[in-house]
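Here the structure comes first, spelled out in structure tokens, and everything after it is commentary.
For the numbers below, each heavy atom of this structure counts, side chains included, while hydrogens, waters and symmetry mates do not. Worth saying up front: this structure is predicted, and the values here are computed from it rather than measured.
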Amino acid sequence: MIKFNNGMMERRAFIKKSGVAGLALAALPNLAFSKDFEYSILELMGKTDIKLYGEGINLRKEAHDAFVEMKKAAYSDGINLKVVSSYRNFERQRSIWERKYLKYTDDKGMTPQNAIDKIIEYSTIPGTSRHHWGTDIDIVDGNRNVKGDMLVPSKFAEGEPYGDFKKWMDENSKHFDFHLVYTDIPWPKRI
């Protein structure tokens, strides 16, 4: 699964802003955001409804429209972009987090810290997920029948089930303003 983003904010910047702005929002709700801040903190934390587009896509309009164009281009090259996950609100993120926490602590006997470390390999704390923004999607190539965990990074390597998909995304997603957001490649070299 590859997580692509059509927004401009980095996760670390979001977490930093949301921590500071969250305190300001609690104290001064009408003064919490400057005019250059594009989305409210409640939107970024998934705590308010936002207008979403596309059945099964669930993105803000600009991200939705860009995704539809990218999907058409990929399809013409033999790649079937399938949305695995897109927008989710705070409560949905909380339920994912809690389900995983219980699975790792109760079923697998992990310590709380080890369970958290395992969860954050693929998920994040409710209120900090990029999926709250309505600009991020997790996608795979729907033409591939992959067994087991789709998230195993080796499945995206050259010669593996999602190798061609990953290559296509690396070469083309930026033309639609989507970017691979979690990677070991430093930001300026990613785009």
Supply the atom-to-atom distance [X] [atom1] to [Y] [atom2], rounded to the nearest 0.5 angstrom.
X      : Y      : atom1 : atom2 : answer
Arg99  : Tyr104 : CZ    : OH    : 8.5 Å
Lys71  : His64  : NZ    : NE2   : 10.5 Å
Thr111 : Ile116 : OG1   : CD1   : 8.5 Å
Asp49  : Leu42  : CG    : CG    : 11.0 Å
Glu91  : Gln93  : CD    : CD    : 11.0 Å
Ile125 : Phe90  : CD1   : CZ    : 10.0 Å

Side-chain contact test, heavy atoms from C-beta onward, threshold under 4.5 Å: evaluate it for [X] versus [Y] and give yes or no.
X      : Y      : value
Ile139 : Met169 : yes
Leu81  : Phe67  : yes
Val140 : Val146 : no
Ile57  : Val68  : yes
Met70  : Trp168 : yes
Asp65  : Lys61  : yes
Thr124 : His131 : no

Start with the C-alpha gap between Asp141 and Asp164, add the side-chain angles, then the distance that decides, and say whether side chain to side chain contact (heavy atoms under 4.5 Å, CB included) holds.
-> CA-CA 9 Å; Asp141 182 352; Asp164 292 340; 5.9 Å; no
Output, in order, the C-alpha distance, side-chain angles, deciding distance and verdict of side chain to side chain contact (heavy atoms under 4.5 Å, CB included) for Glu62 and Asp177.
-> CA-CA 10 Å; Glu62 297 80 9; Asp177 290 329; over 6 Å; no
Can you name the closest pair of heavy atoms from [X] and [Y] and give their distance?
X      : Y      : answer
Ala63  : Gly134 : CB-O, 4.0 Å
Pro126 : Arg94  : CG-CA, 3.4 Å
Pro112 : Thr105 : CA-CG2, 4.2 Å
Ser123 : Ile96  : OG-CG2, 4.1 Å

NZ (Lys82) with more than 12 external heavy atoms under 6.0 Å | no
Got a sec: does the CD of Glu171 have more than 12 other heavy atoms crowding it under 6.0 Å?
-> yes
Output the rest of the hydrophobic cluster of Ile50: all Ile, Leu, Val, Met, Phe, Trp and Tyr residues reachable through side-chain heavy-atom contacts under 4.5 Å, sorted by chain and number.
-> Leu52, Tyr87
Kindly state each residue pair satisfying salt bridge (charged side-chain N to carboxylate O under 4.0 Å, His left out) with at least one member in residues 109-120, sequence neighbours excluded.
-> Lys118-Glu121
Sequence neighbours excluded - salt bridge (charged side-chain N to carboxylate O under 4.0 Å, His left out) pairs with any residue from residues 51-60 = Glu43-Arg60
Any donor-acceptor pair under 3.5 Å from [X] side chain to [Y] backbone:
X      : Y      : answer
Lys155 : Lys147 : yes
His132 : Lys47  : no
Asn143 : Gly78  : yes

For Phe178 and Asp136, what are the C-alpha separation, side-chain angles and deciding distance, and is it a side chain to side chain contact (heavy atoms under 4.5 Å, CB included)?
-> CA-CA 9 Å; Phe178 279 92; Asp136 284 49; over 6 Å; no
I would like to know whether Trp133 and Tyr39 meet side chain to side chain contact (heavy atoms under 4.5 Å, CB included); could you show each step before the answer?
-> CA-CA 9 Å; Trp133 305 354; Tyr39 304 113; 5.9 Å; no
Joint cluster assignment, Val83 & Tyr53, ILVMFWY side-chain distance < 4.5 Å = no
State yes or no: do Leu102 and Ile120 share one hydrophobic cluster built from I, L, V, M, F, W and Y residues joined by side-chain heavy-atom distances below 4.5 Å, directly or via other members?
-> no
